[in-house]
Amino acid sequence: MPKIERKPPWLKAPLPGGPGYLRVRGAVSSGRLHTVCEEARCPNVGECWNAGTATFLILGDTCTRGCAFCAISRGATGRQLDPEEPRRVAEAAAEMGLDYAVVTSVTRDDLDDGGASHFAATVRALRALEKPPLVELLAPDYLGAPLEAVVDAGPDVFAHNVEVVERLQPALRHGRFDFRRSLATLEAAKARDPRLVTKSSILLGLGETGDELEDTMRALRSAGVGILALGQYLRPSPRHAEVVEYVAPARFEALKELGERLGFDFVASAPLVRTSYRAAEAFVRGRKATA
């Protein structure tokens, strides 16, 4: 397939800046925390930080797996866990005045439980705040006791990304990831707590076909996923997988309509959409307010 280099005009994002951005950067820096916004080079960092939101990255900044599309550092082992990190995440969330906190992590196959107990401790620390925010977790492919520990901590939203269509998984995701295991993680989380909102996302522009996208969306609905995010893959560096196609906004809109017909509660579909997307946060807030 032809190599695509020049980005189309619809992929321009605002430059970081403004008082909200500086406040979030200060809270993250003073708390000695990592964010996926920075580590994964998210194009929406300016928009989200200026609005006072950020996605906290726990379990260190080194992933023991490494996917061909991801900018996060990788290694055989990660940093030693900081037992104070859950408290510092909660303190930063309070300082930022968050009413919706998103927490994700690197994958840590070097830890006995993959870091699940650390996830659970972070949820509990956020819940203990005087004004606790809604909590969304974007977690690894936990199953069994690690998954139960995370779900039982009481997040409002449990997210796990399948990332790409099944055919592209072996080429683009680390070998320890498996499409069917990812579906099983999402299905098991919903089964553990039927009140839980589950969420996943798919990157476009990596060579997938329309039929493959629809099959993936149907598989996610069958696993009970309620929120779907669809966004354009952007190459972080020349070392990462090439962009095969820049998908036009009209195609994203058509996929949004398809997702709604398939029964998703909410579909965020646009070139710059990422899993931790503020439009989905607004949907969850509204749903919780009327529950």
* Please check if the side chain of Glu257 supplies one atom and the backbone of Phe252 the other of a donor-acceptor pair under 3.5 Å. => no

* Structure fact -> Across all chains, not counting sequence neighbours, the side chain to side chain donor-acceptor pair (under 3.5 Å) partners of Glu91 are Arg87

* For Arg195, enumerate each residue passing the side chain to side chain donor-acceptor pair (under 3.5 Å) test, keeping only those at least two apart in sequence or located in another chain. => Asp193

* Identified side chain to side chain donor-acceptor pair (under 3.5 Å) counterpart of His160 within the set Ser200, Ser201, Ser182 -> Ser182

* Partners meeting side-chain contact (heavy atoms from CB on, under 4.5 Å) with Glu148 (sequence neighbours left out) -> Asp152, Arg192

* **Path from Leu147 to Phe177 over hydrophobic side-chain contacts below 4.5 Å** => no

* Mind checking what makes salt bridge (charged side-chain N to carboxylate O under 4.0 Å, His left out) contact with Glu214, not counting sequence neighbours? -> Arg218

* Sequence neighbours excluded, which residues qualify as side-chain contact (heavy atoms from CB on, under 4.5 Å) partners of Asp99? -> Arg285

* N-O pairing of Asp178 and Arg180 below 4.0 Å -> no

* To do: Quick one: list whatever passes side chain to side chain donor-acceptor pair (under 3.5 Å) with Arg221, sequence neighbours left out.
  => none

* To do: Sort and list the pairs that fulfil salt bridge (Lys or Arg N to Asp or Glu O under 4.0 Å) and have at least one residue in residues 112-131, not counting sequence neighbours.
  => Arg127-Asp156

* Asked: How long is the span from the CG atom in Leu137 to the CZ atom in Phe56, to the nearest 0.5 Å?
  -> 12.5 Å

* **Non-neighbouring partners of Glu187 that pass side-chain contact (heavy atoms from CB on, under 4.5 Å), sequence neighbours left out** => Ala223

* Applying side-chain contact (heavy atoms from CB on, under 4.5 Å), name anything that partners Asp109, two or more places apart in sequence or on another chain. => Thr64, Arg65, Thr107, Arg176

* Asked: Minimum heavy-atom separation for Leu59 to Arg108, with atom names?
  -> O-NH1, 2.8 Å

* Could you list the residues that satisfy side chain to side chain donor-acceptor pair (under 3.5 Å) with Lys256, not counting sequence neighbours? => Glu260

* Asked: Under 3.5 Å, side chain of Arg173 to main-chain N/O of Val164, donor-acceptor pair present?
  -> no

* Quick one: salt bridge (charged side-chain N to carboxylate O under 4.0 Å, His left out) partners of Glu212, sequence neighbours excluded? -> Arg167

* To do: Could you check if a side-chain atom of Val103 sits within less than 4.5 angstrom of a side-chain atom of Leu138, using non-hydrogen atoms only?
  => no

